[in-house]
Chemist: 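Questions regarding the structure given below will be posed in turn.
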Amino acid sequence: MSSQIDTMLKLKKYDIYNNADIGDKEIKKIAEAISADKSIDLNEYFDLLKFTTKFCWLNFLKILENMPEEDRIRGLPTLFVLLQDANWPTFDKTIEIFETINKQVVESYLKEYLAQAYADDDEMWIDNMQLLAKKLKLRDKY
């Protein structure tokens with residue numbers, strides 16, 4: 001874990017886990033710190049269980065929006081988890097972020113997460129990933 005990002009996230013104004021109203025300036029600063037350190041495991045920092053409400057999950061999406069595409073790709077595992085329920089407050093924004101990532105990269109992850117959703121017999125997640133595939137105009141086999 002990065003000590004710079006750890007220090008930032010402990011400060012109230014950067015507390016993405018408990019504050020759904022973090023300012024754009026702070027979001028950008030977090031995005032810059034994460035982009036600068038490729039060793040940061042986004043799935044660890046953005047483990048959805050760390051957040052106090054689903055509305056705080058939007059902080060993760062705001063941070064991703066402020067990162068270059070190569071860094072948004074690092075967040076794909078969490079983005080796929082956010083597709084599990086279309087009723088979550090993050091659903092529409094999650095789809096928007098998928099649209100900013102190379103379709104071939106998304107498709108390679110899509111196969112993996114669809115397999116997991118089928119194994120879990122999670123029909124809503126399957127439907128949402130099929131919606132994503134349609135929105136991104138990926139092959140019709142999903």
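Start at 1 with the first residue, then count along the sequence.
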Chemist: First locate atom CD of Glu32, then atom CG of Asp37, and finally report the distance between them rounded to the nearest 0.5 Å.
Modeler: 14.0 Å
Chemist: At their closest point, which heavy atom of Ala20 faces which heavy atom of Cys56, and how far apart are they?
Modeler: N-SG, 3.6 Å
Chemist: For Asn66, does its backbone N or O pair with a side-chain atom of Lys28 as donor and acceptor, under 3.5 Å?
Modeler: no
Chemist: Glu44 and Lys50: which non-hydrogen atoms are nearest, and at how many Å?
Modeler: O-NZ, 2.8 Å
Chemist: Where do Phe51 and Ile16 land on the side chain to side chain contact (heavy atoms under 4.5 Å, CB included) test, with the steps shown first?
Modeler: CA-CA 8 Å; Phe51 294 83; Ile16 60 173; 4.2 Å; yes
Chemist: Any side-chain to backbone donor/acceptor pair from Lys137 onto Lys134? Under 3.5 Å, distance only.
Modeler: no
Chemist: What residues form a side chain to side chain contact (heavy atoms under 4.5 Å, CB included) with Lys29, not counting sequence neighbours?
Modeler: Met8, Tyr14
Chemist: So, the side chain of Asn59 versus the backbone of Asn19: is there a donor-acceptor pair under 3.5 Å, distance only?
Modeler: yes
Chemist: Looking at side-chain heavy atoms only, is the closest gap between Ile95 and Asn128 below 4.5 Å?
Modeler: no
Chemist: Considering residues at least two apart in sequence or located in another chain, which fulfil the side chain to side chain contact (heavy atoms under 4.5 Å, CB included) criterion with Glu65?
Modeler: Lys62, Lys93, Ile97
Chemist: Measure the CZ-CG distance between Phe46 and Leu61 for me, rounded to the nearest 0.5 Å.
Modeler: 9.5 Å
Chemist: Do Phe91 and Leu82 come close enough that some side-chain heavy atom pair is under 4.5 Å?
Modeler: no
Chemist: Are the side chains of Thr78 and Leu64 in contact, using a 4.5 Å heavy-atom criterion?
Modeler: no
Chemist: With no hydrogens and no angle check, is any side-chain donor or acceptor of Trp57 less than 3.5 Å from a backbone partner on Leu48?
Modeler: yes
Chemist: Is Arg72 reaching over with its side chain to a backbone N or O of Ile101, donor-acceptor style, under 3.5 angstrom?
Modeler: no
Chemist: Would you kindly say whether Tyr45 and Asp6 are connected by a side-chain donor-acceptor distance under 3.5 Å?
Modeler: yes
Chemist: Within the 4.5 Å heavy-atom criterion, are Leu138 and Leu110 side-chain neighbours or not?
Modeler: yes
Chemist: Under 3.5 Å, is there a donor-acceptor pair between the side chain of Glu69 and the main chain of Asn102?
Modeler: yes
Chemist: If you define the side chain from C-beta out and look only at heavy atoms, does anything of Thr100 sit under 4.5 Å from Glu96?
Modeler: no
Chemist: A quick test of your reading: do over 12 heavy atoms of other residues, nucleotides or ligands sit less than 6.0 Å from NZ of Lys12?
Modeler: no
Chemist: Determine the minimum heavy-atom distance between Val105 and Ser108, stating which atoms define it.
Modeler: O-OG, 2.7 Å
Chemist: Tell me whether Trp88 contacts the main-chain N or O of Phe55 through its side chain, where contact means a donor paired with an acceptor under 3.5 Å.
Modeler: no
Chemist: So Phe80 and Phe98, would you call those rings parallel, tilted or perpendicular, with 30° and 60° as cut-offs?
Modeler: perpendicular
Chemist: Would you call Asp71 and Arg74 a salt bridge, taking side-chain N to carboxylate O under 4.0 Å as the test?
Modeler: yes
Chemist: Between CG of Asp21 and CG of Leu58, what distance do you get to the nearest 0.5 Å?
Modeler: 10.0 Å
Chemist: To the nearest 0.5 Å, what is the distance between CE on Met67 and CD1 on Ile73?
Modeler: 11.0 Å
Chemist: So how far is it from Asn18 CG to Thr52 OG1, rounded to the nearest 0.5 Å?
Modeler: 4.5 Å
Chemist: With heavy-atom distances below 4.5 Å as the criterion, would you say the side chains of Ile34 and Ile30 are in contact?
Modeler: yes
Chemist: Please check if the side chain of Asp15 supplies one atom and the backbone of Tyr17 the other of a donor-acceptor pair under 3.5 Å.
Modeler: yes
Chemist: Are side-chain heavy atoms of Met124 and Asp85 found at a separation under 4.5 Å?
Modeler: yes
